[in-house]
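Single-structure report; data block below.
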Amino acid sequence: MTENVPPAIRVRFAPSPTGYLHIGGARTALFNYLFARKHGGTFVLRIEDTDRQRSTPQAIQAIFDGLRYLGLEWDEGPEKGGAHGPYFQSERLPRYSRYVERLLAEGKAYRCFCAKERLAELRQRQEAAKERLHYDRLCLKVAPAEAERRHRGGEPGVVRFKVPEGQTVIEDMIRGRVVVEHRELEDLIVQRADGTCVYNFAVVGDDHEMEISHVIRGEDHLSNTPKQVLLGQALGFQVPRYAHIPLILAHGGGKLSKRHAAVSVTDYQRMGYLPEAMINFLARMGWSYDDKQEIFTLEELIEKFSLEKVSKSGAMYDLKKLNHLGAHYMRRRPVGDLVDLALPLLVRAGFIASEDIARERGRVEKMMDLERDRIEFMEQIVERVRYYYQEPSTLDDGATKVLRKKPDAATVIERYAASVDAAVPEDAWRPGEHAALDAHARELAAKEGLSLADLAQPLRAILTGRSATPGLFEVMAILGKATCLRRLARAREVFARVGGT
RNA sequence: GGCCCCAUCGUCUAGCCAGGCCUAGGACAUCGGGUUUUCAUCCCGGUAACAGGGGUUCAAAUCCCCUUGGGGUCACCA
């Protein structure tokens, strides 16, 4: 019976820590995560830091932070451990020399002593002759014993894999059958002159030793795949199944880079995009479920994800869609969560002193309640609530227009100020308590023969400096009686300044 | 340039594998309208696509070929 037990599903996300966690990388991580969770498998994180020049600790940290922000916790990997460590490729490198030895001993690889200059020259020649850019196998002529002797004698050289004749067929889970003729491949270097192994070799070893069952990665790796399959076969490894997901393209087409938009997950985290919005957005780039559902929680994605539904063509990055999702989830989160997210930003903006956080919480919650369906990511909250903390020193265009347009708005406001002061008691100005303000304004407008808009719009302009805010009376209730009356008392000045009457 | 991958509204896509149910569906964006103290939400409606050409078939968005277009990749980088 035991032979019927299907092999465990193990996938990995294997970023190289150069720079930041790219949005495309995050999506690759998501697809791996989803696939693992869906099938009860294991999601492994492996850091491919073999490029010592370009790898940085900050970049490694950015990967951890980015994945955690998105909620894609790995089952095995750095800071987590597991039975297949170490999870930094740099720490794994030494263990591959025995594989190199094996290839050498079996005649599947050979030492190459060609100088870089010769290689460059060769390449130039081939380019000029419009030939395939391939190593010419000069060192294949060196007898193995002779090569060993020279190697032991200290002559610098690399080890090349001898690509056999024939073709390799990849049954890609997304792309279907991909056939590559071996003559298109050159004898790739597997071990450098300094004794370290090259990426294409290291992955094969790592994936094998980590018992990776499915390799889900970007399409840019598709051309690496035949090399890795060949290497794996030469070593007698069980080769994993492959799934190459389409790339994310920049808006006008072409590779997405920092020129086009923020491409680092860290940036989006900083801007305060809700992770569930990010996840939903990422998932829908290149994957779809049916013709009905666009909104998915992580849990639903786990349930509904499948590689067959990943599309083959590249997806263009569309910030507007992200923003739409951002706004969508903003309306769904418990307001308390939103307050937690907003508070630090308000402190940083200087609106709230850090020691006042606890005291201000209730008021911020009311603001958040009003603003939540007007923002797409949390950083936008700062500008939206500025007028609660700072007297509006300038008016936006809309507000200016309102004040200029209404002929006797200034006197209306003065009458309103006196009236509201007398008619609406202090305790009807608390956050959330705006019914009395509302009723009073309607009454006054009726008495003056004005529409509510005639009264409310100039009021809003004076009170907030804006022509667009949440419901005026809700806003006023949060602002408080004293602040409102103070701002209204200066209405004349403001009118004079903008040229209204 | 060689090789590989891809091709439905502006964008993400459903439909294609198992050809008729497609006068091609949804979402974002956009444009109108409604609700509203403004904005946003919400609701209603509109514009908008099978890249082109050949086949196969009674029938093709769906299958095949070519062209065109786009992307990727060709390192002692990962």
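Within every chain, numbering begins at 1; the chains are lettered A, B, ... in the order of the sequence lines, protein sequences first and strands thereafter. This is a predicted model, so every value here is computed, not measured.
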Do A/Arg217 and A/Thr225 pair up side chain to side chain, a donor and an acceptor below 3.5 Å, judged on atom types alone? yes
Verify the ring-centre separation between A/Tyr416 and A/His440: is it less than 6.0 angstrom? yes
So [X], base contact, sugar-phosphate only, or nothing? Heavy-atom distance under 4.0 Å.
X	result
A/Gln89	sugar-phosphate
A/Leu247	sugar-phosphate
A/Cys114	base

[N] to [M] separation - [atom1] atoms, rounded to the nearest Å:
N	M	atom1	answer
B/C74	B/C16	C1'	33 Å
B/G20	B/G70	P	32 Å
B/A51	B/C6	C1'	13 Å

Between B/C76, B/G2, B/A78, spot the one nearest the side chain of A/Arg132, thanks. B/G2
Quick note, A/Ala456 side chain, CB onward, closest among B/A78, B/C6, B/U37 is B/U37
Watson-Crick/G-U partner (both atom distances under 3.5 Å) of B/U37: none
Partner of B/G20 under the Watson-Crick or G-U wobble criteria, both distances under 3.5 Å, comes out as B/C58
Any salt bridge between A/Glu101 and A/Arg98, counting N to O under 4.0 Å? no
Looking at A/Glu276 and A/Arg333, is there a salt bridge between them, counting it only when a charged N and a carboxylate O are closer than 4.0 Å? yes
